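The block underneath contains the structure these notes are about, expressed in structure tokens.
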Amino acid sequence: MSARGRAEVVIAGADAAGLEAALALREFVGDHVRIVMVGASPTLTHRPWAGEEPFGRRSAVDLDAIAADLRLELRSAAVVGVDADSGILRTDQGQLGYDALVLALGPRAVDAVPGATTFAGTGDADALNALLGHVTLTAGARVAFVVPPTTAWTLPAYELALVTSAWAERRGAELEAVVVTSETAPLEAFGPDVSAHTRIELARHQVELLSGSVPEGYDDGLLRLPGPRWVRADAAVALPGLAGPGVFGLPTDERGFVAVDELCRVPGTVNVHAVGDMTGHAPGLGDGAAQQADIAAAVIANGLGVAVPIEPYVAEPLAWPPGAVGGRFLTPYLEAHAHLLDAAGATG
């Protein structure tokens, strides 16, 4: 217990999964816990909206207003490591003691296609806008949107291709878009119905699709594929590959992902939980990460003497449509508290 007589729960990672965990804890144990949320940014970036950011839609949600409403203490800091034996989270701004720790750090984005422009989200919107503006100066220019095999969230490539095609058409620019994906079918994680619908939409907007193609690199106007094969492109925009955050002091695999058990506990530790894309389960965005957050919160609540049913985590296909933040608690919260959100990020 903390010096204040309440259990102290630290949530490291101010993302959708972290907020879901905080909401679940408030629902399960009320104000009997002090919740400290640690994040490197004062905003939450909702990745399903990121593909539209270069074309005017923002994807950031204001965390300060939400933290005040939920009675969370928000700390701006980056995680350095965990001393699980001592119950300490180490950050670049000092250390925090905890009675229970929930890690929702997300993955690291890494360049996956040498020579291509990597689009990892909101921070790359201006660079992509400049690239497209330059490419459209050439009549008949061709832009390849690339999905490498280490990408978990593939939707932005399709959004970028479709929105780029419409953007060029509105400006009267001659521009061809092609999606080159390592998937066997477009958006295959969402199931065959979504794949079929995506094929129709791509064809309707005259976006070419090359599936089952693993890109090896881009240079001299050519996107190289195994074979050897190549795709002509005046520019190549690739989604990033993903690697785990590699938290010092915790067991990780060779790519830096933190392994967890079916109750989202980190093996070999006490009261340390990991949720979302940083875990070995790699649930992807949306309901999988939120489900893990709910499980972690329920385990913590039970440890505090509050009986909450716990169902072990089972990976399920991603839900469609993906535009809403997934979560048993977060989705209705955002719907009911629109006034607390960054209006530009939440409504576009």
Side-chain angles (χ1 to χ4, degrees), residues 1-2 5-38 44 66-67 69-73 82 84 87 89 98-106 189 191 250-251 257-320 322 324-337:
M1 289 287 181
S2 70
R6 292 186 296 169
E8 189 142 326
V9 178
V10 174
I11 299 175
D15 66 355
L19 282 176
E20 176 71 17
L23 283 160
L25 280 168
R26 282 285 177 252
E27 175 70 19
F28 298 154
V29 299
D31 286 328
H32 294 294
V33 295
R34 175 173 177 248
I35 301 175
V36 179
M37 179 170 282
V38 178
L44 178 157
I66 294 177
D69 184 64
L70 295 179
R71 303 171 304 285
L72 313 177
E73 184 177 333
V82 176
L89 176 72
Y98 63 81
D99 295 301
L101 173 64
V102 179
L103 296 162
L105 299 176
L250 296 182
F257 290 104
V258 176
V260 294
D261 64 14
E262 71 279 3
L263 296 183
C264 302
R265 298 171 299 196
V266 178
T269 69
V270 177
N271 294 332
V272 178
H273 311 261
V275 302
D277 282 336
M278 70 174 290
T279 72
H281 288 300
L285 205 57
D287 293 344
Q291 181 190 353
Q292 287 187 320
D294 293 341
I295 292 169
V299 172
I300 292 170
N302 277 274
L304 295 173
V306 179
V308 178
I310 304 174
E311 294 185 8
Y313 174 71
V314 177
E316 297 178 352
L318 296 177
W320 187 270
V325 178
R328 173 184 168 193
F329 299 102
L330 184 55
T331 297
Y333 177 84
L334 293 181
E335 290 174 350
H337 296 78

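Just so we're clear, the structure is a prediction, and the values are computed from it rather than from any experiment.
Pairing each heavy atom of I295 with each of P312, the nearest pair is CD1-C, 3.9 Å. The two atoms that bring G276 and Q292 nearest to each other are N-OE1, 2.6 Å, heavy atoms only. The minimum heavy-atom distance between V275 and C264, with the atom names listed, is CG1-CB, 4.4 Å. Scanning all heavy atoms of the two residues, the minimum distance from G327 to E20 falls at CA-OE1, 3.4 Å. In terms of heavy-atom proximity, A293 sits nearest to A21 at CB-N, 3.8 Å. A22 and M37 get closest at one heavy-atom pair: CB-CE, 4.1 Å.
Taken from CD in E8 to CD1 in I35, the straight-line distance is 10.5 Å, to the nearest 0.5 Å. Between L72 atom CG and I66 atom CD1 the span is 9.0 Å, to the nearest 0.5 Å. H337 NE2 to L330 CG: the interatomic distance, rounded to the nearest 0.5 Å, is 11.5 Å. Distance check: I11 CD1 to L101 CG gives 9.5 Å after rounding to the nearest 0.5 Å. Rounded to the nearest 0.5 Å, atoms CG (L70) and CZ (R26) are 7.5 Å apart. The distance from atom CZ of R71 to atom CZ of R34, rounded to the nearest 0.5 Å, is 14.0 Å.
Put simply, the side chain of N302 gets close to the backbone of V308: a donor and an acceptor are under 3.5 Å apart.
A84 meets the side-chain contact (heavy atoms from CB on, under 4.5 Å) test with V82, Y98, T269, V272; sequence neighbours excluded. Evaluation of the side-chain contact (heavy atoms from CB on, under 4.5 Å) rule for V270 yields no partner, not counting sequence neighbours. With sequence neighbours excluded, the residues forming a side-chain contact (heavy atoms from CB on, under 4.5 Å) with A274 are L103, V258, V260, V266, M278, T279, listed by chain and number.
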Working note: R265 + N271, criterion side-chain contact (heavy atoms from CB on, under 4.5 Å); need CA distance, chi angles, decisive distance, verdict. CA-CA 7 Å; R265 298 171 299 196; N271 294 332; over 6 Å; no
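Residues L304 and H32 form no side-chain contact, since every pair of their non-hydrogen atoms from C-beta on lies 4.5 Å or further apart.
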